[in-house]
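Throughout, residue positions are numbered sequentially from 1 according to the sequence presented.
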Amino acid sequence: QVQLVESGGGLVQAGGSLRLSCAASGRTFSNHVMGWFRQAPGKEREFVSAIRWSSGRTYYADSVKGRFTISKDNAKNTMYLQMNSLKPEDTAVYYCAVDRNDRNPTSGTGYDYWGQGTQVTVSS
């Protein structure tokens with residue numbers, strides 16, 4: 001089993017920044033992908049960003065390219081999402097997840113483990 005704990009959410013004004021963290025513990029994998037997804041009220045969950053743990057290759061949704069940066073700390077088994085130039089439409093619960101077999105980094109259906117989520121609210 002894998003346990004994922006997100007932190008770093010909060011309330012910020014438009015144009016501000018937040019940094020999310022996702023600490024993973026438990027079983028480890030060699031070729032996994034970790035990703036961030038978000039779900040706003042009344043909307044479906046959507047892909048935000050992902051990173052291949054072994055190669056460091058990154059993926060971003062078009063809506064966050066140039067504003068968000070995903071990174072990882074192998075020693076801490078932690079993934080981060082630096083979010084800059086935040087917009088009200090970024091308001092959502094943000095979830096981190098693990099795709100243990102690198103099936104499809106940008107599709108939520110390929111992920112095996114999910115965190116509880118952290119709320120991000122951007123005021124206008």
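No close placement of the Trp36 and Phe68 rings is indicated, their centers lying 6.0 Å or farther apart. With ring centers used as reference points, Phe47 lies 6.0 Å or more from Tyr60.
Here the closest non-hydrogen pair linking Ala14 and Ser124 is CB-CA, 4.4 Å. When all heavy atoms of Trp114 and Gly108 are compared, the closest pair comes out as CZ2-O, 3.5 Å. Heavy atoms only, all atoms of each residue included: Leu20 and Val120 are closest at CD2-CG2, 4.0 Å. Of all heavy-atom pairs between Val33 and Ala50, the closest is CG1-CB, 4.0 Å. Nearest heavy-atom pair, Met34 versus Ala24, reported as atom, atom and distance to 0.1 Å: CE-CB, 4.3 Å. Counting all heavy atoms, side chain and backbone alike, Lys43 lies closest to Gln39 at O-NE2, 3.1 Å.
Applying the 6.0 Å contact sphere to CD of Gln116 captures no more than 12 heavy atoms from other residues, nucleotides or ligands.
Rounded to the nearest 0.5 angstrom, Lys76 NZ and Ser25 OG are separated by 15.5 Å. Of the inter-residue distances, the one linking Leu18 atom CG with Met83 atom CE reads 4.5 Å to the nearest 0.5 angstrom. With values rounded to the nearest 0.5 angstrom, Arg19 atom CZ is found 10.0 Å from Leu81 atom CG. Between Arg52 atom CZ and Thr58 atom OG1 the span is 10.5 Å, to the nearest 0.5 Å. The CD atom of Gln1 lies 10.0 Å from the CG atom of Leu4; values are rounded to the nearest 0.5 Å. Note that OG1 of Thr109 is 8.0 Å distant from CZ of Arg45, once rounded to the nearest 0.5 Å.
One finds no salt bridge joining Asp112 and Arg27 here, because no Lys/Arg side-chain nitrogen approaches an Asp/Glu carboxylate oxygen to under 4.0 Å. Lys65 has a carboxylate O that lies under 4.0 Å from a charged side-chain N of Asp62, or vice versa, which qualifies the two as a salt bridge.
Here the side chain of Ser49 pairs a donor or acceptor atom with the backbone of Tyr59 at under 3.5 angstrom. Side-chain atoms of Asn77 do not come within 3.5 Å of backbone N or O of Ala23 as any donor-acceptor pair. With hydrogens and angles disregarded, no donor-acceptor distance shorter than 3.5 Å links the side chain of Asn101 to the backbone of Arg103.
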Do Arg38 and Tyr95 pass the side-chain contact (heavy atoms from CB on, under 4.5 Å) test, and can you show the C-alpha distance, the side-chain angles, and the key distance before you say yes or no? CA-CA 6 Å; Arg38 66 187 181 186; Tyr95 299 90; over 6 Å; no
Run the side-chain contact (heavy atoms from CB on, under 4.5 Å) test on Gln119 and Thr91 for me, step by step, so that the C-alpha distance in whole Å, both residues' side-chain angles and the decisive distance to 0.1 Å come before the verdict. CA-CA 8 Å; Gln119 176 71 46; Thr91 295; 4.0 Å; yes
Under the side-chain contact (heavy atoms from CB on, under 4.5 Å) criterion, do Asn74 and Trp53 qualify, and how do the steps go? CA-CA 8 Å; Asn74 286 20; Trp53 209 255; 3.7 Å; yes
Check the pair Met79, Ile70 against side-chain contact (heavy atoms from CB on, under 4.5 Å), reporting the backbone distance first and the verdict last. CA-CA 7 Å; Met79 173 179 66; Ile70 192 171; 3.8 Å; yes
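Both Ile51 and Tyr113 are members of a single hydrophobic cluster when ILVMFWY side chains are connected at heavy-atom separations under 4.5 Å. One hydrophobic cluster, built from ILVMFWY side chains closer than 4.5 Å, holds both Val122 and Tyr94. Transitive grouping of hydrophobic side chains (ILVMFWY, heavy atoms separated by less than 4.5 Å) keeps Tyr80 and Val2 in distinct clusters. Note on Val12 and Val48: same hydrophobic cluster, where clusters join Ile, Leu, Val, Met, Phe, Trp and Tyr whose side-chain heavy atoms are under 4.5 Å apart, directly or indirectly.
Ser17 and Asn84 share a donor-acceptor pair across their side chains, judged by distance under 3.5 Å alone.
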